[in-house]
Protein chains: 2
Amino acid sequence: MVLMLKFFSEDEFIQILRKHGYKATPQRLTIFEVLKSKDHPSAEEIYEAIKKRFPSISLTTIYQTLHLFSELGIINELGFSDNRSRFDTNTNPHINVICPVCGKISDLEDELVVELWDSLEKKLGKKPIKHRFDVYAICDTCENKIQAGRVRIEVKNI
Amino acid sequence: MVLMLKFFSEDEFIQILRKHGYKATPQRLTIFEVLKSKDHPSAEEIYEAIKKRFPSISLTTIYQTLHLFSELGIINELGFSDNRSRFDTNTNPHINVICPVCGKISDLEDELVVELWDSLEKKLGKKPIKHRFDVYAICDTCENKIQAGRVRIEVKNI
DNA sequence: CACCTAATTTGTAATCAATACAAATTAGGA
DNA sequence: TCCTAATTTGTATTGATTACAAATTAGGTG
């Protein structure tokens, strides 16, 4: 951990690619920039955002690049039961708080999570490779809509 | 929490269905029994196991039933990036320790996880609905194969 | 116990995110 | 500037899951 996509400059990012033997293509750099600005985007959302800056880009490139970034450990792919992965740029120990109504994901950083993560090396006999901690709770926005009777509960990502 | 599919008798299970207005069909009871005996099965694995006891069952029924059980809160659907959900019958606070090589999932019950779960109500301002904590670590079986040079690393569920 | 009806099951067709593939393009070293 | 392996692109395909409508059935009622 400690690495965090959001804090890399473009130059640092290019160095990371080169160090691993990968080329610094404009497509990769653009996807990197878009990832910085998005929260927990799906491939489709990334594709839509990137087409604005890079109209010729192919969806296949998006997928290949996201898999490459996952392999490099700078993002995590989060598979969901609705078959739409989302991509997490926060690789430090944290909890994804997911609203089952609107699908919004927000990060909860917490000392106890770090403590739990650190304790796992001893408990498992080896340091784990990565984590994915999800918790489901209705977000305030949706809670208010429900209170006001303005929404029928329809569950996402659950 | 406290509910645990593995510890329900068939009669108790029938009562749960009826209490919620659902019929106790032989298909549902068979799926319930098979879930008791499987660890973290996919829909396909459940289908294969059930066809032995109930040859006429349809894959659609498997899916409908698994979704019903999820709705009742007695199992959790775990979506993965390979687009194959697996179903977790352990709804108590625990960590899924996933081997990225063979895909094996084992449960780690731990006091810190319970403590973390219990602390979330205060931190979020509301009691969360459910959790899903995954950690990736190569299992002993795969570790040994790798040491012996008998396997090329090929990643699953990651 | 037989009947009735809404719930459930079944088989097939459709969906759609993700992947495979092969041709065209390009980063970056020589 | 050239060269080549890496990368990108567009299209075709895959495969888990869902939609749908017809057939069946659980379980309540008289």
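All values derive from a computational prediction rather than experimental measurement. Chain letters run A, B, ... following the sequence lines, proteins first and then strands; every chain starts at 1. What's counted below: heavy atoms across the whole structure, side chains too, no hydrogens, waters or symmetry copies.
- Checked against a 6.0 Å centroid threshold, the rings of Phe13(B) and Phe69(B) count as neighbours.
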Check residues 37-50 of chain A and write down every donor-acceptor pair under 3.5 Å in which the side-chain atom is one partner and the other belongs to a residue at least two apart or another chain.
{"unit_1": "Ser37(A)", "atom_1": "OG", "unit_2": "Val34(A)", "atom_2": "O", "d": "2.8"}
{"unit_1": "His40(A)", "atom_1": "NE2", "unit_2": "Asp107(A)", "atom_2": "OD1", "d": "3.2"}
{"unit_1": "Ser42(A)", "atom_1": "OG", "unit_2": "Glu45(A)", "atom_2": "N", "d": "3.2"}
{"unit_1": "Ser42(A)", "atom_1": "OG", "unit_2": "Glu45(A)", "atom_2": "OE2", "d": "3.3"}
{"unit_1": "Glu45(A)", "atom_1": "OE2", "unit_2": "Ser42(A)", "atom_2": "N", "d": "3.1"}

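- For the pair Tyr63(A) OH and dT11(D) P, the computed distance is 17 Å after rounding to whole Å.
- Counting heavy atoms of neighbouring residues, nucleotides and ligands inside a 6.0 Å radius, atom NZ of Lys52(B) does not exceed 12 of them.
- Interatomic distance, Ile16(A) CD1 to Asp11(A) CG, rounded to the nearest 0.5 Å: 11.0 Å.
- Classification of Arg86(A) and Asp88(A) as a salt-bridged pair fails, no side-chain N sitting under 4.0 Å from a carboxylate O.
- If you walk DNA chain C from 5' to 3' and mark each nucleotide with an atom closer than 4.0 Å to a heavy atom of chain A, the marks span dA17(C) to dG28(C).
- At a threshold of 4.0 angstrom between heavy atoms, the contacts of Tyr47(B) with the nucleic acid are absent.
- Each of Lys23(B) and Leu59(B) was assigned the nucleotide of DNA chain D with the nearest heavy atom; the assignment lying further toward the 5' end belongs to Leu59(B).
- Between Arg18(B) and dA26(D), a side-chain N or O to OP1/OP2 separation shorter than 4.0 Å is absent.
- Ile46(B) places its CD1 atom 14 Å from the P atom of dA16(D), with the value rounded to the nearest Å.
- Rounding to whole angstrom units, CD of residue Gln64(B) and C1' of dT17(D) are separated by 12 Å.
- Distance, Glu44(B) CD to dT17(D) P: 8 Å, rounded to whole Å.
- OP1 or OP2 of dT18(D) sits under 4.0 Å from a side-chain N or O of His67(B).
- Nearer to the 5' terminus of DNA chain D, by closest-nucleotide assignment, is the contact made by Pro26(A) (compared with the other of Thr60(B) and Pro26(A)).
- Within 4.0 Å of Ser42(A), counting heavy atoms only, lies no atom of the nucleic acid at all.
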Could you give the side-chain donor-acceptor pairs of residues 119-126 of chain A under 3.5 Å, partners two or more places apart or in another chain?
{"unit_1": "Ser119(A)", "atom_1": "OG", "unit_2": "Leu116(A)", "atom_2": "O", "d": "2.7"}
{"unit_1": "Ser119(A)", "atom_1": "OG", "unit_2": "Lys123(A)", "atom_2": "NZ", "d": "2.8"}
{"unit_1": "Lys123(A)", "atom_1": "NZ", "unit_2": "Asp110(B)", "atom_2": "OD1", "d": "3.1"}
{"unit_1": "Lys123(A)", "atom_1": "NZ", "unit_2": "Asp110(B)", "atom_2": "OD2", "d": "3.0"}
{"unit_1": "Lys126(A)", "atom_1": "NZ", "unit_2": "Ile138(B)", "atom_2": "O", "d": "2.7"}
{"unit_1": "Lys126(A)", "atom_1": "NZ", "unit_2": "Asp140(B)", "atom_2": "OD1", "d": "3.0"}

